[in-house]
Structure formats: structure tokens, C-alpha cells
There are 2 protein chains.
Amino acid sequence: MSTSLILISNREAGSMLDAMSDPAGQAWAVNAREVLQRAGHHRGAARERLIDLLSDQDCALSALEIEDGLRRDGPVARASVYRTLELLHDHELVTRLELGDGVARYEPADPSGHHHHHHLLCERCGQLVPFDDAGLERSIRQLSRRLGFTTKEHEVTLRGRCPDCP
Amino acid sequence: MSTSLILISNREAGSMLDAMSDPAGQAWAVNAREVLQRAGHHRGAARERLIDLLSDQDCALSALEIEDGLRRDGPVARASVYRTLELLHDHELVTRLELGDGVARYEPADPSGHHHHHHLLCERCGQLVPFDDAGLERSIRQLSRRLGFTTKEHEVTLRGRCPDCP
DNA sequence: TTTCGTGCAAATTATTTGCACTTGG
DNA sequence: CCAAGTGCAAATAATTTGCACGAAA
């Protein structure tokens, strides 16, 4: 049974990406800007900053978390954050998640499938852990075919206890 | 590859359940009342009505939809709806879903696993379709074991085009 | 110089809470 | 009676929208 696994806590992932100067994120940002430009969009400051911030991220952030992050470098309007996220989502450049706590989270979308992953939310420590599983993906592909359903996005969320929380 | 399938549109399912006088729903309602009673809860009118309404349901409803449904038979306070849903969720009697449109939906939880299912949301016609797939469940079990994660709930959402919407 | 982006504040929407009153056991 | 449930209205929290002004192509 081939199961590929990426298991990264938010904190660890941040430093990993720092260490490798985040080539994947850069690629995403470049592509995102290109897509928006082709669609006839200008390059406003807030949007540019948001794209940079998201590209440094490995896992989902809420709109308010993004706003906070941006504010550390200077003021931003909340509306710009929401509008930019909506725009990115319309162009399928971000994935929008709702993990069951009433807050929408966003993360860079990954058309190549290289960084595709799902989420596991520990109900005890609140940690959000991205994971990837080939068997699961296979099941979903087969299932979609069987149902005659054209699946554009899919999302799997596990809620429970992580290995560190007994 | 054994893949069991239940494919029911909301509308069809409603009539199906009518036709068989909803034995599963009745069982759920009985159990729900028992669980709440054991926990020392009284039987207020709003809560009783909500349990009845949910037990007739095969798939997820939002709090506002539930409120509307209840109002057809008489007035209910919105707060009672939310409080009851919270209570049922605390006792794991309902499953709470967030399918990505900012609204929480609730449906009777199924400890037996008999009616366990996931959701498929057609982005074109908006139809919410419940489905069940053995292969998918197997993948999730294996995955949880491999990650050392104790999965209490899991949720799979597919978004795309249903067979009727080309 | 026109189209798009931004900021601010006000509006919406979903959900929660405080409190006085009613009801179940 | 006492604990729990209900309704109503006001409070939050997340997200959206209208509009005037500033910036990009």
C-alpha cells in the first residue's frame, strides 16, 4: 500500500519554508500575478502584499489572521483582504476551507497537485495538521467516476486527537 | 472493488422516507431523547419539535432552515434552535457540517454507521447529494491508523458538476 | 483618462448571550 | 419547589457593500 505522507505542524513548516527560501510559494505567487494580470487586473498594494504573505504560507489562514499578518507591515483595509481573497478564489488561486468552527480559511491552490493536502484538526490542542494520502486520493477519483460526478475540488477533514494528545 | 452506494437527491429522499414511515429517523429520535434525559435534561416544547423535524430529515439543514420548518407549525425562538442544535452536537447526536458557503448545516448523527455518508455539492444547480463509499471509508481508517490519529469525526466534501449538469 | 484598487464606515448575515418568565419532574 | 427550557431583544463576529478618492495601465 503506497501512502505518501507529509506531516508538518504549522510552526515547523514555517521554518522549513524559510530554510529552503520557499521555491514553491514563489512559483505560486508568480503564477497568481500572471493569471490576474491576464484577467485585466491592476496591481494594487494591498493585493500584492496579500499574495506575498500567502505564498509564504504552507497551510490555511483565516481572513482575520491574514489581516493581522499584513498589519504588521502597515495598515490594510479589512475589505481589501476579503475582496482579494474572493478574487483569488474566483480564479481558483486559493482554496477556501471551512473546518467546522465557523471561520473560513484560505491557502494557495496547487494545480500541479504537488502540494495537495487535506486537514486534520486536533480537538484537544487545536493544531491544524496538513496531510496527504495517495490511497485516499485514489478512492476519491474512483468514487467520482462511479458517480458520474465531475469533481472540481474535494476536501477531507478529520477531527479527533493527534498523536501528541492522548 | 466493493463500493456501496446510496445516491439520493434531497427531494427524492424526502418522499422515500415518507413512503417507509421513516423507521431510521424514529430510532434516532428515541435515542436522542433518551440520551438527553439521562443527562438530566427536561423536555421543552421547542426541543421536542426540533428533534421530530430532524428525524424526518435525511440530509443536512441549516439552523435557519430548521427555524423556518418549525415556524410552519407555530412560533419558535431562534435562540432555542441554536441552543438545541448545540446541545445535540455536544452529545454527538447531530453532525455539524460546513460545506464552504458560510452556513453550518446539521443532520442526525448515525453511531451505527448505517446511514453514514458524505456530501457532494453541485456548483451549478446547488443540489446537495449525500453519498456513501466503502473504499473511501477504508482509506480513511487506514490513513488514521498510519498517522496515529484518533479520528472521532471525518467529513468529505466534493464540489463540482453533478451528472445532470453538463 | 479610464479602469481598477483601496480605505473607511455602514450594512448584512449567522450565531450567541443576558435576563425575565414558563414549564417539566 | 427547583432546575432546566423558552422567548425576546440586544450583543458579537465574520463577511459584504456603497461610495469617494488614489493609483495603475
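By convention in this document, chain letters (A, B, ...) are assigned in the order of the sequence lines, proteins followed by strands, and residues within each chain are numbered from 1.
- Closest to the A:His41 side chain, of the nucleotides D:dG5, C:dC4, C:dC8, is C:dC4.
- Between the P atom of D:dA14 and the CD1 atom of A:Ile66 lies a distance of 14 Å, rounded to the nearest Å.
- When the nucleotides D:dT15, D:dC8, C:dT15 are ranked by their closest atom to the side chain of A:Ala104, D:dT15 comes out on top.
- An OP1 or OP2 oxygen of D:dT16 is reached within less than 4.0 angstrom by no side-chain nitrogen or oxygen of A:Tyr82.
- Between B:Arg141 and B:Glu137, none of the side-chain N atoms (NZ, or NE/NH1/NH2) sits under 4.0 Å from a carboxylate O, so this pair counts as no salt bridge.
- Candidate nucleotides D:dC19, D:dT15, D:dG7 were compared by shortest atom distance to the side chain of A:Arg83, and D:dC19 ranks first.
- Taking 4.0 Å as the cut-off between side-chain N and carboxylate O, A:Arg96 and A:Glu153 do not count as a salt-bridged pair.
- Toward the 5′ end of DNA chain D lies the nearest nucleotide of B:Arg43, the other residue of the pair B:Arg71 and B:Arg43 mapping further downstream.
- The residue among B:Ser62 and B:Gln37 whose nearest nucleotide of DNA chain C lies closer to the 5′ end is B:Ser62.
- Interatomic distance, CZ of B:Arg47 versus CG of B:Leu88, reported as 7.5 Å (0.5 Å rounding).
- If you measure from atom CG of B:Asp90 to atom P of D:dG5, you get 12 Å, rounded to the nearest angstrom.
- When rounded to the nearest whole Å, the span between CD of A:Glu48 and P of D:dA23 equals 15 Å.
- Rounded to whole Å, the distance from CZ on B:Arg33 to C1' on C:dG25 is 17 Å.
- At least one side-chain nitrogen or oxygen of A:Ser80 sits closer than 4.0 Å to the OP1 or OP2 atom of C:dG7.
- Rounding to whole angstrom units, CG of residue A:Leu36 and C1' of D:dA25 are separated by 15 Å.
- Phosphate contact (OP1/OP2 of D:dA3, side-chain N/O of B:His42, threshold under 4.0 Å): absent.
- To the nearest angstrom, C1' of D:dA11 lies 15 Å from CZ of B:Arg78.
- If you check every strand for non-hydrogen atoms under 4.0 Å, B:Ala79 touches a base.
- To the nearest angstrom, C1' of C:dT6 lies 11 Å from CZ of A:Arg49.
- Residue B:Arg47 places no side-chain atom within donor-acceptor reach of the base of C:dG24, judged by atom type and a 3.5 Å distance cut-off alone.
- Considering every non-hydrogen atom in both A:Ala109 and A:Trp28, the closest pair reads O-CD1, 3.4 Å.
- Counting only N and O atoms by type, the side chains of B:His115 and B:Glu107 include no donor and acceptor under 3.5 Å apart.
- Here C:dT13 presents its C1' atom at 13 Å from CD of A:Glu98, a figure rounded to the nearest Å.
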